[in-house]
Amino acid sequence: MTTDYQGRKRDEADEADEENVPLSQVSKRRKLKNEDVKDESESDDESLASIFKKKSKEKLKKVKLEEKDEDATADGKETVKKVTKTSKKVKKEKKTVKDESEQDQNDEEEENGEYKWWENENEDDSIKWTTLKHNGVVIPPPYEPLPSHIKLYYDGKPVDLPPEAEEVAGFYGAMLETDHAKNPVFQKNFFQDFLEVLKTAGGTKNGITIEKFEKCDFTKMFDYFELLKEEKKKLTSQEKKQIRLDREKAEEKYKFCELDGRKEQVGNFKVEPPGLFRGRGAHPKTGKLKRRVQPEDIILNLDKDAPIPEAPEGHHWGEIRNDNSVQWLAMWRENIFNSVKYVRLAANSSLKGQSDYKKFEKARQLKDHIDAIRKDYKKQLKSEVMLERQKAVAIYLIDVFALRAGGEKSEDEADTVGCCSLRYEHVTLKPPNTVVFDFLGKDSIRFYQEVEVDKKVFKNLKIFKRPPKQPGHQLFDRLDPSTLNKHLQNYMPGLSAKVFRTYNASKTMQDQLDLIPNEGSVAEKLLRYNAANRTVAILCNHQRTVTKGHAQSVQKANDKIKELEWQKIRLKKALLQLEPERLKKNPAYFEEIEDMTKEDEAEIHRRIIEREIEKYHKKFARENDKRKFEKEELLPESQLKEWLDGVDELKKQYKEELKTGVVELKPTMNTVEKIEKQIERLDNRIQTNSIQLKDKEENSQVSLGTSKINYIDPRLTVVFCKKYDVPIEKIFTKTLREKFKWAIESVDENWRF
DNA sequence: GATTCTACTTAGCAGACACGAA
DNA sequence: TTCGTGTCTGCTAAGTAGAATC
């Protein structure tokens, strides 16, 4: 019976099975246990709840009810609506006017041009702003039809498409050479939507009926888009700069908004242009048409006294809202999932900064509870109630392997899972206690790990997999993120599964940074910082696709280092030629001369010669291209020959050197001092290149950015830089320095996570 | 209590950009 | 100045979480 393992009966059966106890006894015992657990959690709840209530009271003391609830003025075109939903009403009741002292401080900061929100406590975030003014959003330009000779071909014949359909065909044509366009699901979804658009637009204009995708030829369109790209590349830097300046000028007014009287940056002020949906992994809807968003689809959110931005000519906004309980400036609904897209503030804004700060503080708060939580889940691994065991195992997996919560997903999304949605086939058990996790997580990134787990966890997983369960069945059949999070709230207000990821990431980073000795060059310290960062990224399973030319570029970097070493050895040989007695004085210094074999040396010679030949061929071609363009006399072939003869000379010299071991340096390299200085320079270059190569190899599949941006408390990095004398610019880019300004300006070197 | 909706964070990809070597 | 390469940023997909609704 399937319900056997989903219903209450199964708990008892499991228990009886596991511990050889008669069912009736188990029932009684569990009842007793349940009551015990209930008592405990209730008392916990009460104490935590009272603390939380007290805190909330303090937080809300500033809140002042807004009495006015006027309708915003409708200006003819705009449909201005009141926020009518109950939730919004409740939120509206909390609308505040910030207290005067805070306002004064804002005024002062405004004069300095800076608002340091982290210098004053503001724990209440139910009200996001008092005033909000902005200029709306940037709507993508209307479609411009292709030149008349660029067409889709069907069964070898050019097709006259109406512009609406041509635009959709063009979306596909532009990405003809991408992996997406080669995906059959993508093709099917695209083609279906394309035919529908074509039908609505009245069909082709030259009587051709399009029925089969296979008969469509998009290459002319593809070539045209490639040509446009090429032309864009060919523009002079001055022209490119001008285009950029024009664009920036046009976007300037949308880039900033006025939030509580302060100028703050808006994030994604551009409405997403139409295109084909690029779902990740095996997404059933990939390739579907993302339709053009019209101003009528867009809801703007501003304060009720703010001027309403003008809608594009002939259009009007869908709605104007005045909801100060949310951060968004504009929103619309997309057509593929009917989900909402928002225009929000930029990462460097005060609101985002405060959310970020709170996130890390919450994770830090977990420090005070983690021991109790761990103790509890270890205990509950033996619970007699199946749900409790599932909770315990889930928290264990989330805590130890940094799994995500794993919410339920619908049929029309990619089949990816997290902890609560793990299925039978995602976990393989190898006695005595090894578990192989193999599943696709967020963004269809594979999570593959073969690990040893706690013996009780192993035993429980075995129970969770017991027949009649089979592939396709949920491992945690009684658990979902909501139940799990409710349980976690008992330990700490606001605790949810995702806080564990932040906590463990930052804790790991702190521990790793503590291991770094404060010595060596900045490059070495950076390498160690990156290694610590990489530990966190691996913990969080942050991956990236290896770039196309990676293997080749590693080879090249290795060759480069080998060549530098050869140069150094050559200089050392020359040194001995000038002063042979140095060998006796300092034999260790010259030891490495013996490390390079004749074969290695010959290989390096070959590479250098090859490169030189190529260089002169290129130089000759480039020079003549230029002369041709300027209508000057071309260089004669003899010039190329002359250059290549020089290379030939070098080749002979190397050959001789290899034979005799006698080095012939440039005439300028004629003193011991000069040679020694050059050796030192080479040593530095070799060291730098080696460090960079090591970093490059180790980072090829791991994405460090995601954990740096979202999981590692930025204050850890700030402290590291201060303590180890590493410029913060080496770790945080300009954008990150702006995002983490609160961290950079608020900690000293004694701060700990 | 289950489901849906809303609002937010987290994530990898790809094109733009910057920078060093030749 | 050009070219190649690596880094940065913008974009938007894909999650989480909690409130609202059924």
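Letters A, B, ... mirror the listed sequences (proteins, then strands); counts begin at 1.
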Hey, is [X] close enough to [Y] for a salt bridge, meaning N to O under 4.0 Å?
X	Y	result
A:Glu231	A:Lys233	no
A:Lys739	A:Asp356	yes
A:Arg607	A:Asp559	yes
A:Glu361	A:Lys358	no
A:Lys290	A:Glu334	no
A:Asp480	A:Lys486	no

Categorize [X] for me: base, sugar-phosphate, or nothing, with a 4.0 angstrom heavy-atom threshold over every strand shown.
X	answer
A:Lys240	nothing
A:Ile709	nothing
A:Gly267	nothing
A:Gly705	nothing
A:Lys290	sugar-phosphate

State whether [X] places a side-chain N or O below 4.0 Å from either non-bridging phosphate oxygen (OP1 or OP2) of [N].
X	N	result
A:Thr416	C:dG15	yes
A:Thr733	C:dT9	yes
A:His283	C:dA14	yes
A:Thr735	C:dT9	yes
A:Ser339	B:dC5	no
A:Thr545	B:dG12	no
A:Lys128	B:dA7	no
A:Gln489	C:dG18	yes
A:Lys409	C:dG15	yes
A:Arg344	C:dC11	no
A:Tyr342	C:dT12	no
A:Thr706	B:dG12	yes
A:Arg333	B:dT6	yes

Would you mind reading off the distance between [X] atom [atom1] and [N] atom [atom2], rounded to a whole angstrom?
X	N	atom1	atom2	result
A:Arg404	B:dG12	CZ	C1'	11 Å
A:Asn541	C:dA14	CG	P	17 Å
A:Gln327	B:dA7	CD	P	11 Å
A:Phe500	C:dG15	CZ	P	21 Å
A:Met492	C:dA17	CE	P	12 Å
A:Glu408	B:dT4	CD	P	9 Å
A:Lys270	C:dC11	NZ	P	5 Å

key: Check: A:Lys341 side chain, C:dT12 base, donor-acceptor under 3.5 Å   = no
inquiry  = Nearest heavy atom decides the nucleotide; on that basis, is A:Asn710 or A:Met331 closer to the 5' end of DNA chain B?
reply    = A:Met331
request  = Between A:Lys442 and A:Lys232, name the one whose nearest nucleotide on DNA chain B is closer to the 5' end.
outcome  = A:Lys442
task = Using the closest heavy atom to pick a nucleotide of DNA chain C for each, name whichever of A:Ala414 or A:Lys734 lands nearer the 5' end.
result =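 Whichever sits nearer the 5' end wins; that is A:Lys734.
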message = Less than 6.0 angstrom from the centroid, inside 45 degrees of the normal: does A:Lys285 satisfy that with respect to the ring of A:Phe337?
response =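 Yes, cation above the ring, under 6.0 Å and within 45°.
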